[in-house]
Number of protein chains: 2
Amino acid sequence: MKFGLRHIRYFLAVAEDLNFRRASEKLNISQPALSRAIQHLEADLGVQLFARSQSFVRLTEAGVVFRDGARAVLNGMEATVDLTRRINRGEAGALRVGYTDFAIAGALPELLKQFRLGQPGITIRPHHGVTSTQLRELDDDKLDIGFVTGPVRQAGLGRRAIQTDRPICIVHESHRFAQRKSLRLKDLADEDFVHGPAKDWAHFYDYLFPLCRRAGFMPRIVQEAFNSVGILGLVSCGMGITILTETIYNFASGGLVALPLEDVPEVMLTEAVWNSDKARLPTLQFVEFLDQQIALGQIGALPLARS
Amino acid sequence: MKFGLRHIRYFLAVAEDLNFRRASEKLNISQPALSRAIQHLEADLGVQLFARSQSFVRLTEAGVVFRDGARAVLNGMEATVDLTRRINRGEAGALRVGYTDFAIAGALPELLKQFRLGQPGITIRPHHGVTSTQLRELDDDKLDIGFVTGPVRQAGLGRRAIQTDRPICIVHESHRFAQRKSLRLKDLADEDFVHGPAKDWAHFYDYLFPLCRRAGFMPRIVQEAFNSVGILGLVSCGMGITILTETIYNFASGGLVALPLEDVPEVMLTEAVWNSDKARLPTLQFVEFLDQQIALGQIGALPLARS
DNA sequence: CGTTCTTGATGCAGAAAAGGTATTATGAAA
DNA sequence: TTTCATAATACCTTTTCTGCATCAAGAACG
């Protein structure tokens with residue numbers, strides 16, 4: 001195999017036209033150069049690819065087989081080159097995105113959707129994980145960017161604020177609290193609570209329950225649902241009240257009233273973090289995208305309060 | 001795309017070793033030549049494929065993608081070259097084989113099986129067809145070789161005798177004919193006949209029925225089976241007698257007696273025929289194979305009588 | 001801390017390959 | 001026969017590739 005891609009291109013041109021002169025013109029080379037290139041190819045293969053005389057040219061049986069194979073090879077090569085270049089420009093590749101429960105319940109889905117519109121070549125690989133897990137995975141280069149919730153005190157990480165969640169109390173419009181402007185935690189001491197799924201919402205309750213303890217009570221759980229939609233549904237039925245975040249309340253249907261909790265000043269910050277050193281191109285593109293979204297006011301540290 | 005297969009081979013060598021010097025030795029070129037070639041490839045792609053310093057070489061992300069694609073391309077190219085060469089040598093390709101009912105019931109299956117053992121690269125494409133159809137298809141280059149039965153008087157065809165079939169009368173061992181050495185056609189005038197499938201056995205009956213007519217009777221058909229096994233099975237049950245060929249009787253199970261027909265001297269000759277002018281390599285190889293088999297006495301014009 | 005070794009890159013000259021122009025040989029068409 | 005078109009060949013130029021010698025920069029080692 002001494003021949004190159006050049007020979008293959010020449011061969012395919014002749015195989016299409018079955019005419020050396022016309023093919024040579026399409027290839028922008030002289031006819032003799034083309035003749036000799038084909039001769040070299042045939043000599044190298046040890047196979048006659050064209051049956052030719054001065055008056056006609058046609059493919060031999062072996063020539064037909066070679067043409068089909070050569071076409072496939074050339075197409076494959078072009079596809080590979082194209083993909084390689086797109087990877088190089090960051091237009092293709094994979095982005096491994098970690099997320100916490102809060103991220104996935106908040107801005108993340110829309111964020112990923114928007115990003116994919118702008119970068120359809122980049123495959124998003126979402127990985128669920130709590131904050132500590134994500135930080136370890138970032139370090140082990142198993143994650144490109146993480147959406148983590150809560151304070152992160154690790155150096156060498158780039159970060160952008162995505163959303164701040166403040167707990168709110170959600171009650172049905174027929175509830176005795178419905179007319180009030182706001183609540184205090186201790187007002188909830190005797191209420192029935194609808195609880196989120198313990199496994200998926202662990203982080204939220206790790207944050208909330210200490211607050212309740214500080215207010216002198218433990219929430220009395222009367223119902224548990226599988227997800228936020230379920231929680232809101234049970235509250236809608238009057239099964240009890242719940243504490244969720246503004247973000248999640250945005251998905252609520254009618255008949256519900258959200259009440260701020262006066263004595264809970266803390267907010268839960270969800271951030272995007274990535275390893276500045278190991279950042280690959282798709283990561284950088286995603287960060288750039290995040291900055292655009294922040295500039296547009298779509299995401300950031302301001303609460304997305306429902307008007 | 002100015003690079004050639006040479007660049008790809010060089011690239012893959014470096015991608016495997018991640019060491020320019022060792023790779024250059026494996027490629028039997030000097031290290032500077034290899035460095036240059038890789039530089040040209042990268043410049044042509046506009047993509048850095050290797051991250052390198054004086055102390056280490058590793059693939060970039062784009063390099064990994066290019067390596068995988070390039071491997072596939074090179075493998076595809078080698079496979080194509082190999083197939084092309086085998087086609088050229090007649091070791092691969094397709095052989096379109098026509099056959100009549102007699103051929104397929106006789107020597108043909110074993111013949112094709114043996115041929116495929118010796119030429120596993122050649123795909124056999126069997127086409128059923130009566131003699132006249134096969135001759136037309138040979139002429140139209142829709143068939144490479146035909147197994148035809150009966151006299152063929154067409155010029156320009158190569159031919160080899162495959163088998164001669166003489167009709168025999170088959171009866172159950174309890175039949176009154178069973179003790180006889182031979183029969184004459186007219187003996188059968190009052191017998192019940194088991195008939196082969198009209199469609200598949202048309203040629204045989206076109207040959208046999210005129211003989212019966214000459215003997216002054218028409219066979220009285222009492223049963224019809226789907227194939228030769230079915231016919232023999234019905235004869236085994238005592239449903240009637242039948243006339244088949246020696247070839248087919250070779251497949252019979254026990255309890256049956258074959259009786260020669262004294263007054264039927266004609267034999268049915270099955271021949272392989274092909275177009276000498278248009279013969280492609282696989283065809284010639286098959287003819288050569290036939291000649292070998294004839295030399296071995298496996299096939300030919302001698303009747304394969306059951307001892 | 002310097003020495004030595006190894007690695008990849010570079011300069012240059014010779015070799016090889018590819019290309020172009022002019023021409024030839026051979027069928028087909030007029 | 002003449003003319004036309006085709007593919008092949010001859011000959012020379014240009015481009016590309018290669019090897020040798022060498023350089024620059026880390027790594028290994030005493």
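In what follows, chains are A, B, ... by sequence order, proteins preceding strands, each numbered from 1.
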Expressed in angstrom and rounded to an integer, what is the separation of [X] atom [atom1] from [N] atom [atom2]?
| X | N | atom1 | atom2 | result |
| --- | --- | --- | --- | --- |
| L41(A) | dA18(C) | CG | P | 11 Å |
| E25(B) | dT6(C) | CD | P | 12 Å |
| I8(A) | dA18(C) | CD1 | P | 13 Å |
| K2(A) | dA15(C) | NZ | P | 18 Å |
| F3(A) | dA18(C) | CZ | C1' | 17 Å |
| H40(A) | dG19(C) | NE2 | P | 10 Å |

Are any of the side-chain nitrogens in [X] or [Y] under 4.0 Å away from the carboxylate oxygens of its partner?
| X | Y | answer |
| --- | --- | --- |
| D82(B) | R86(B) | yes |
| D141(B) | R96(B) | yes |
| R22(A) | E16(A) | no |

With a 4.0 Å cut-off (strictly under) to non-hydrogen atoms of chain B, the first and last hit nts on DNA chain D, 5' to 3', are dT16(D) to dA27(D)
For E61(A) and R280(B): C-alpha separation, side-chain torsions, deciding distance, then whether salt bridge (Lys or Arg N to Asp or Glu O under 4.0 Å) applies. CA-CA 9 Å; E61(A) 252 185 282; R280(B) 305 181 313 131; 2.2 Å; yes
Ring centers of H127(B), Y99(B) separated by less than 6.0 Å: no
Anything under 30° is parallel, anything over 60° is perpendicular, the rest tilted; go ahead and classify H7(B) against F3(B).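 Geometry flag for F3(B) against H7(B): perpendicular rings.
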Any base atoms under 4.0 Å from Y10(B), or only sugar-phosphate, or nothing? Heavy atoms, all strands. sugar-phosphate
Backbone N or O of [Y] within a donor-acceptor pair of the [X] side chain at under 3.5 Å?
| X | Y | result |
| --- | --- | --- |
| E271(B) | R159(B) | no |
| T164(A) | L269(A) | no |
| T84(B) | V65(A) | no |

Write out a two-atom table: protein N or O, nucleotide N or O from nucleotides 10-13 of chain C, distance below 3.5 Å.
{"unit_1": "dT10(C)", "atom_1": "OP2", "unit_2": "Q39(B)", "atom_2": "NE2", "d": "3.2"}
{"unit_1": "dC12(C)", "atom_1": "N4", "unit_2": "R36(B)", "atom_2": "NH1", "d": "3.2"}

Enter the distance from F50(A):CZ to R67(A):CZ here, rounded to the nearest 0.5 Å.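 Nearest 0.5 Å value for the CZ-CZ distance: 9.5 Å.
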Distances under 3.5 Å between nitrogen or oxygen atoms of protein and nucleotides 24-30 of chain C:
{"unit_1": "dT26(C)", "atom_1": "O4'", "unit_2": "Q54(A)", "atom_2": "NE2", "d": "3.2"}

